[in-house]
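See below for the structure under consideration.
Note that ligands are numbered from 1 as they come in the structure, with each ligand's atoms numbered from 1 the same way.
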Amino acid sequence: MIERLSENLKLIQQRIETSAQKSGRVADDIRLVGVTKSVDVEVTRSLFEAGCTNLGESRPQALWDKSSQLADIPITWHLIGHLQRNKVKRTLACAELIHSVDSLRLIDAIDQAAESPVKILLEVNVSGDAAKHGLKVLDVESVLEHVVQKANVRVEGLMCMAGFESNLDQARREFAVLRTTRDKHSGFQADNIRLVELSMGMSGDFEVAIEEGATMVRVGTSLFEGIG
Ligand SMILES: *Cc1c(COP(=O)(O)O)cnc(C)c1O
């Protein structure tokens, strides 16, 4: 299994490199977050051993469980899915970055629960899908203004998912919206706001996302091809 994982990982890293070059960047500027929500603890461990050290889970409970079962290895954990306020405290203890912050109430809950500054991304609903979480593009500015007061919250950038129905061209336009939203606010002056990261792109569209400026891609399915 580890051989197959290593091969898959290598292929994805090559594709990241090619896309980075297309956009005049280097692969080191793009962080691969391996999304382990569809695999068990042993496969997750093997993925780390194959060299993928940033891992993401979409359900808080799964993140708690896996991070405690794999506490013996130095995984950098990301929460990429919806976070309920009653799950904040435990999640802060294991996640290095929360990609999916989408409300003022969640920002307040994180600020209250944290004992030191927590890195977050603001999730933006770029596709307008009613079923998707995320802030409206037009609300980003007022949310940033809200964050300024929060000593224990640090915004590192923005995150999005392409629409369920989007083809690659539409996905590209949606990723471009996230980038222009980031650029529009990049001059925002606050010690706890640094709009550098763009977390966008999954198995089906990460190359397009990189061409549009992604600094983090969240890849699951493609990493586990051939692993049964
Ligand atoms: C599952 C998931 C991914 C990974 O998707 P794949 O298509 O399996 O690569 C990325 N981001 C989020 C938020 C997810 O829930």
Crowded around D191 CG? As in, over 12 foreign heavy atoms under 6.0 Å? no
Is the CZ atom of R59 crowded by more than 12 outside heavy atoms at less than 6.0 Å? no
E165 atom CD, neighbour heavy-atom count above 12 within 6.0 Å: no
Going by atom types alone, do S19 and E211 pair a side-chain donor with an acceptor below 3.5 Å? no
Atom-level proximity to ligand 1, residues with heavy atom under 4.0 Å: V35, K37, S58, I80, M161, M202, S203, R218, V219, G220, T221
Look only at the side chain of N54 and the backbone of R31, and say whether a donor-acceptor pair between them is shorter than 3.5 Å. no
K10, NZ: over 12 other non-hydrogen atoms inside 6.0 angstrom: no
